[in-house]
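Atoms within each ligand, like the ligands themselves, are counted from 1 in listed order. FYI, side chains are in, hydrogens and waters are out, and symmetry mates aren't considered; it's all heavy atoms of this structure. In this chain, residues are counted from 1 in sequence order.
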Amino acid sequence: MNIILFGAPGAGKGTQAERLVSHRGLVQLSTGEMLRAAIAAGTDLGQRAKVIIDRGELVSDDIIVEMIAARIDDDCANGAILDGVPRTVSQAHALDKMLNSKKLALDYVIEIKVDKAALFARIENRAAETGGARSDDNADTLRKRLEVYYENTAPLLPYYADKGVLKSVDGMNSIDEVASQIDRILG
Ligand code: AMP
């Protein structure tokens with residue numbers, strides 16, 4: 001089973017993805033995590049990505065598509081949870097093409113809906129709890145990340161609704177309740 005967890009920064013995609021990994025044996029493909037790993041490792045790509053990430057902007061589609069393609073081939077035979085990708089219409093098209101070429105299906109796109117005000121509060125909490133481990137978890141960058149989400153990423157919702165794979169859960173609920181709603185969708 002291949003699913004996309006969809007939502008604004010701070011919606012809880014990573015939290016729910018981790019739970020699906022342990023309960024269903026799916027592999028989490030978080031492009032944000034992959035990029036942070038590249039930054040921590042000090043690779044060329046990491047150094048280029050850090051500047052963009054700290055501005056709250058999007059890394060180029062080519063880099064993202066390449067990173068995902070490599071992992072899908074590598075360790076996702078059981079299925080994957082895409083977390084934080086696709087984020088643009090062109091990434092969505094590239095993903096469709098890649099899955100088709102590998103005869104894989106996209107089973108569900110699960111949108112986790114959270115109010116804008118709650119997103120700010122959550123990211124502030126995350127920054128406090130993790131001691132600022134993510135350099136993009138601050139009010140200025142978050143404002144930009146949200147702007148980018150509503151402008152570039154949210155327009156993918158009708159695209160997936162038209163394909164008949166879009167489901168929504170209420171991300172204002174507790175983590176356990178959101179997890180139950182996702183379980184009911186996945187069956
Ligand atoms: P995330 O951990 O998903 O919130 O991603 C953190 C940052 O990494 C984003 O604000 C972007 O700068 C970059 N990033 C992660 N995933 C993508 C993607 N699919 N396309 C472009 N940029 C991405």
Side-chain angles (χ1 to χ4, degrees), residues 2-21 26-72 76 80-99 106 109-114 116 118-157 159-160 171 178:
N2 296 298
I3 65 176
I4 294 174
L5 285 183
F6 199 96
K13 302 183 295 292
T15 303
Q16 296 299 333
E18 278 166 27
R19 198 183 152 281
L20 290 168
V21 168
L26 301 173
V27 171
Q28 177 186 6
L29 297 185
S30 158
T31 41
E33 289 294 338
M34 291 178 208
L35 292 166
R36 283 187 287 280
I39 293 170
T43 64
D44 214 41
L45 164 67
Q47 284 172 18
R48 276 182 289 136
K50 183 168 179 6
V51 183
I52 299 166
I53 290 173
D54 285 350
R55 284 203 296 252
E57 294 171 2
L58 293 179
V59 171
S60 87
D61 289 339
D62 291 353
I63 291 175
I64 298 293
V65 171
E66 214 170 288
M67 284 192 325
I68 291 290
R71 287 292 301 279
I72 293 233
C76 296
I81 308 159
L82 299 175
D83 160 11
V85 64
R87 263 173 151 101
T88 62
V89 171
S90 108
Q91 287 180 21
H93 287 154
L95 180 68
D96 279 349
K97 212 165 131 195
M98 185 201 314
L99 291 174
L106 176 61
V109 176
I110 300 177
E111 178 199 11
I112 307 178
K113 286 190 176 190
V114 175
K116 230 181 200 176
L119 295 172
F120 271 94
R122 286 184 185 187
I123 299 258
E124 268 166 18
N125 273 345
R126 185 160 81 188
E129 276 168 18
T130 58
R134 278 186 63 162
S135 55
D136 60 346
D137 274 354
N138 59 69
D140 282 348
T141 309
L142 176 61
R143 244 185 300 278
K144 178 66 185 173
R145 286 160 65 200
L146 282 177
E147 209 176 279
V148 167
Y149 173 77
Y150 290 111
E151 191 174 320
N152 298 98
T153 309
L156 286 176
L157 290 166
Y159 174 77
Y160 287 121
V178 175

ask   = So which residues, sorted by chain and number, lie with a heavy atom under 4.0 Å of ligand 1?
value =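 These residues qualify: T31, G32, L35, R36, I53, E57, L58, V59, I64, G84, V85, R87, Q91, R134, D136, R145.
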task = State the CG-CD1 distance between N2 and I72, to the nearest 0.5 angstrom.
result =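 One gets 6.0 Å once the value is rounded to the nearest 0.5 Å.
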inquiry  = Quick test of your reading of the model: are R126 and E129 salt-bridged, counting only N-O distances below 4.0 Å?
reply    =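 Looking at R126 and E129, the cut-off is not met.
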ask   = Rounded to the nearest 0.5 Å, how far apart are CG of L95 and CG of L156?
value =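 Here the interatomic distance stands at 10.0 Å.
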ask   = Which residue, L142, T141, D136, forms the side chain to side chain contact (heavy atoms under 4.5 Å, CB included) with N138?
value =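 Going through L142, T141, D136 one by one, the side chain to side chain contact (heavy atoms under 4.5 Å, CB included) with N138 is satisfied by T141 alone.
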key: Presence of salt bridge, R145 and D137, under 4.0 angstrom   =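 Looking at R145 together with D137, the answer is yes, because their closest N to O distance falls below 4.0 Å.
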request  = Output every pair passing salt bridge (charged side-chain N to carboxylate O under 4.0 Å, His left out) with a member in residues 10-20, not counting sequence neighbours, ordered by first then second residue.
outcome  =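 For residues 10-20: R19-D183.
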